[in-house]
Visitor: 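Here it is: the structure, laid out below.
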Amino acid sequence: MLRTLKFTFLFVVMTLLMCRISTAQEDETKSQIKPAEVTGFKKYLHKETGLSFEYPENWEFTEGKDFVAVYSLKQGIKRWPRYDSDGAPVAKITVSRVKLHYNRTFEEVIDLMKNFLEEKYFTPMQELTIDGTLTKTTSYEFELKDGLFKGAYYFAAKDSGMATVVNFEAFGSTWDKYKPVFDKIVKGMTFASSPTDEIKNQETLVDDIAPPTMHLTKTKFDGFSIGMPGNMSIRQAPGGNGSAESSFYFDTDARADCSVRIDKFDAAKTTDLKKIVENSRASFKNAAATKTTLAGKEAYTLTYSPATNLSAKVWFVMHNSKLFRIIVTWNKLEANNYLPALEKSAKSIRFK
């Protein structure tokens, strides 16, 4: 019996020791990842809108339908969009082109972009002139396990039909290191303009596109499927290049403020859905969460207002160690035309 107890004790001690060694090795590996240098610059040009800027040539470049993202370190990309508290000291440059029209104003774009963080974290909005255009800018910061995280936004609209949103972010107290790079980029930037034919046909285009229909087209993704309402288009969200394994959304060219977004995250290390939801509430203005079911599984949902005239409903559900987050956003003035189809789409999700 005594021998058994001694063996058990030694086993526990050795297990704890190995865990500490493993953790120490992981920490040492992270500490060995140094902030990326800038070896030179390369120019990006979007011919259709005239958007152009320089970016570090040795950083990781990605391009989506309406945005460009450049990461200083490939190892740190997955720190977004959850802003992981520890990891590689990575920085990111994101430049987005956003179409404006009568139901998506410049101010609404600003509100939507800032929605990921509580207002108290932002500095007062300032105005300056870049590329001959009135530009609004604000910064934000908060402490994480590996040091200060800091970011800044620049918002500009050269005409009534197109806005440019520039976002710089840096983890691990590296903001001061990269600030000269960020300043160089934004000072030399040419903002996007609407193509002439789009300006002429803008109101006609918006008015001609019908709202979504209740007819759903089954759309398959990796590990799940969901119904896409008629008259809507599928697009890949920028978040798909960050912490989310995949991010997609449905919307129309007429109303990008009415949409269904599906994000899939790896949740193998955190299987407590209630805790995940509780930790996520700050990103949704601390809205109260309600327990429900989705696709026959335990789920939580919350409703909040991300911006003026906008409402959103969020579902959280787990399947096979994956967290699925479905966000339905709608303009309050168009609730009758959009909300029934969008909510039906969210509830149609099925897992494989």
Visitor: So among Arg281, Lys275, Lys274, which one has a side-chain hydrogen bond (donor to acceptor under 3.5 Å, both in side chains) with Glu278?
Guide: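 Option passing the side-chain hydrogen bond (donor to acceptor under 3.5 Å, both in side chains) with Glu278: Arg281.
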Visitor: With sequence neighbours left out, which residue pairs that include part of residues 120-130 fulfil the salt bridge (Lys or Arg N to Asp or Glu O under 4.0 Å) condition?
Guide: none
Visitor: Arg97 side chain to Ser193 main-chain N or O, any donor-acceptor pair under 3.5 Å?
Guide: no
Visitor: Please enumerate all residues that pass salt bridge (Lys or Arg N to Asp or Glu O under 4.0 Å) together with Asp272, with sequence neighbours excluded.
Guide: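 Expected list: none.
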Visitor: Between Arg79 and Asp146, is there a salt bridge with N-O shorter than 4.0 Å?
Guide: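 Looking at Arg79 together with Asp146, the answer is yes, because their closest N to O distance falls below 4.0 Å.
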Visitor: I need the Asp159 CG to Leu100 CG distance, nearest 0.5 Å.
Guide: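 If I round to the nearest 0.5 Å, the distance is 8.0 Å.
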Visitor: Does Phe41 have Lys184 sitting over its ring (NZ/CZ under 6.0 Å from centre, angle to axis within 45°)?
Guide: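 Output yes; distance and angle both within limits.
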Visitor: Does Thr133 offer a backbone N or O that forms a donor-acceptor pair with the side chain of Thr135 under 3.5 Å?
Guide: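 Here the side-chain-to-backbone pair exists.
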Visitor: Report yes or no: do Ser247 and Asp263 form a side-chain donor-acceptor pair below 3.5 Å?
Guide: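 Asp263 and Ser247 do have a side-chain donor-acceptor pair below 3.5 Å.
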Visitor: Not counting sequence neighbours, list each pair that qualifies as a salt bridge (Lys or Arg N to Asp or Glu O under 4.0 Å) and has a residue in residues 284-298.
Guide: Lys291-Glu298
Visitor: Between Asp266 and Ala268 (side chain of the first, backbone of the second, donor and acceptor by atom type, cut-off under 3.5 Å), is there such a pair?
Guide: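 Here the side-chain-to-backbone pair exists.
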Visitor: Just verifying a value: how many Å separate Lys347 NZ and Thr292 OG1, rounded to the nearest 0.5 Å?
Guide: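 Spacing of NZ (Lys347) from OG1 (Thr292) equals 7.5 Å.
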Visitor: Take the angle between the ring planes of Phe224 and Phe351 and call it parallel below 30°, perpendicular above 60°, tilted in between.
Guide: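 Correct class here is tilted.
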Visitor: If only atom types and distance count, is the side chain of Ser72 paired as donor or acceptor with the main-chain N or O of Val90 below 3.5 Å?
Guide: no
Visitor: Given Phe284, which partner from the list Tyr300, Trp315, Tyr304 fulfils the ring-ring contact (aromatic ring centres under 6.0 Å, His included) test?
Guide: Tyr304
Visitor: For the atom pair CG (Leu144) and CG (Asp84), what is the distance rounded to the nearest 0.5 Å?
Guide: 9.0 Å
Visitor: Determine whether a donor-acceptor pair (N or O, by modelled atom type, separation under 3.5 Å) exists between the side chain of Tyr153 and the backbone of Met113.
Guide: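 Here the side-chain-to-backbone pair exists.
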Visitor: Please list all pairs meeting salt bridge (Lys or Arg N to Asp or Glu O under 4.0 Å) that have one or both residues in residues 223-233, counting only residues at least two apart or in different chains.
Guide: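 Qualifying pairs, neighbours excluded: none.
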Visitor: Can any side-chain N or O of Asp131 pair as donor or acceptor with the backbone N or O of Phe191 at less than 3.5 Å?
Guide: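 Pair found, side chain donor or acceptor close to backbone of Phe191.
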Visitor: Roughly how far, to the nearest 0.5 Å, is the OG atom of Ser348 from the CD1 atom of Ile226?
Guide: 4.5 Å
Visitor: Any side-chain to backbone donor/acceptor pair from His319 onto Lys352? Under 3.5 Å, distance only.
Guide: yes
Visitor: Starting at OG of Ser139, measure out to CD of Gln126 and round the result to the nearest 0.5 Å.
Guide: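 Reported value, rounded in 0.5 Å steps: 8.0 Å.
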Visitor: Please determine whether a side-chain nitrogen of the Lys or Arg among Lys177 and Glu37 lies less than 4.0 Å from a carboxylate oxygen of the Asp or Glu.
Guide: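 Between Glu37 and Lys177 there is a salt bridge, with a charged N closer than 4.0 Å to a carboxylate O.
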Visitor: Listed by chain and number, what are the ring-ring contact (aromatic ring centres under 6.0 Å, His included) partners of Phe182, not counting sequence neighbours?
Guide: Phe168, Trp175
Visitor: Specify whether Tyr83 and Phe171 have parallel, tilted or perpendicular ring planes, treating 30° as the upper limit for parallel and 60° as the lower limit for perpendicular.
Guide: tilted
Visitor: In chain order, what residues pass the salt bridge (Lys or Arg N to Asp or Glu O under 4.0 Å) check against Arg350, with sequence neighbours excluded?
Guide: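 Result, salt bridge (Lys or Arg N to Asp or Glu O under 4.0 Å) vs Arg350: none returned.
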Visitor: Any side-chain to backbone donor/acceptor pair from Thr329 onto Ser259? Under 3.5 Å, distance only.
Guide: no
Visitor: Under 3.5 Å, is there a donor-acceptor pair between the side chain of Asn309 and the main chain of Asn331?
Guide: no
Visitor: Hey, would you say the Tyr121 and Tyr140 ring centroids sit under 6.0 Å apart?
Guide: no
Visitor: For the residue pair Lys264 and Phe221, would you count it as a cation-pi contact if the rule is NZ or CZ under 6.0 angstrom from the ring centre and within 45 degrees of the ring axis?
Guide: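 Here Lys264 fails the 6.0 Å and 45° test against Phe221.
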Visitor: Return the CZ to CD1 distance between Phe324 and Ile349, rounded to the nearest 0.5 Å.
Guide: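 Output value for this atom pair is 6.0 Å.
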